Amino acid sequence: MVTGVQTCALRSSTSQDRRYILDTVLNGLQRMEYRGYDSAGLEIEGDEPGKPLIFKEVGKVQFLKKHCMESDVDMDKTFLSQTSIAHTR
């Protein structure tokens, strides 16, 4: 069992679109934000195998969320299964 401050979240899901996945991961980061972190990032599966999408932002998680949602990636792409990782620091 790991003790101490949680700064990372792992998530996997089935049959979800990219927008739902990003919303879920970002909401989880926002719950940890009160701990005073100054940057956040996440990685989700990309459109091609072995080419993940990486988003990073300095400041509040809301800035990372804006960056993700305004990107030109296909938010409607649906995954049969996917894994994502997110962190604050």
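If you're wondering where the values come from, they're calculated on a predicted model, not measured in any experiment.
Side chain of E45 to backbone of T83: a donor-acceptor contact under 3.5 angstrom is found.
S39 meets the side-chain hydrogen bond (donor to acceptor under 3.5 Å, both in side chains) test with R89; sequence neighbours excluded.
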*side-chain contact (heavy atoms from CB on, under 4.5 Å) between D23 and K65, worked out*: CA-CA 8 Å; D23 279 340; K65 187 173 190 170; 4.0 Å; yes

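Annotation: side chain of M75 is in contact with side chain of M69 (closest heavy-atom distance under 4.5 Å). Within the 4.5 Å cutoff, the side chain of N27 has heavy atoms near those of the Q30 side chain.
Tested against L42 for a side-chain contact (heavy atoms from CB on, under 4.5 Å), the candidates V61, I85, I21, L64 yield a single pass: L64. For the pairing with R18, the side-chain hydrogen bond (donor to acceptor under 3.5 Å, both in side chains) check across D76, T78, D47 returns one residue only, D47.
Annotation: K77, atom NZ; neighbour count of heavy atoms from other residues, nucleotides and ligands within 6.0 Å is above 12.
Taking each heavy atom of F79 and G46 in turn, the nearest pair found is CE2-O, 3.9 Å. When every heavy atom of H67 is checked against every heavy atom of K56, the shortest pair comes out as CD2-O, 4.1 Å. Heavy atoms only, all atoms of each residue included: S84 and V25 are closest at OG-CG2, 3.4 Å. Nearest heavy-atom pair, V58 versus F63, reported as atom, atom and distance to 0.1 Å: O-CD1, 3.9 Å.
The OG1 atom of T24 sits 11.0 Å away from the CD1 atom of I44 when rounded to the nearest 0.5 Å.
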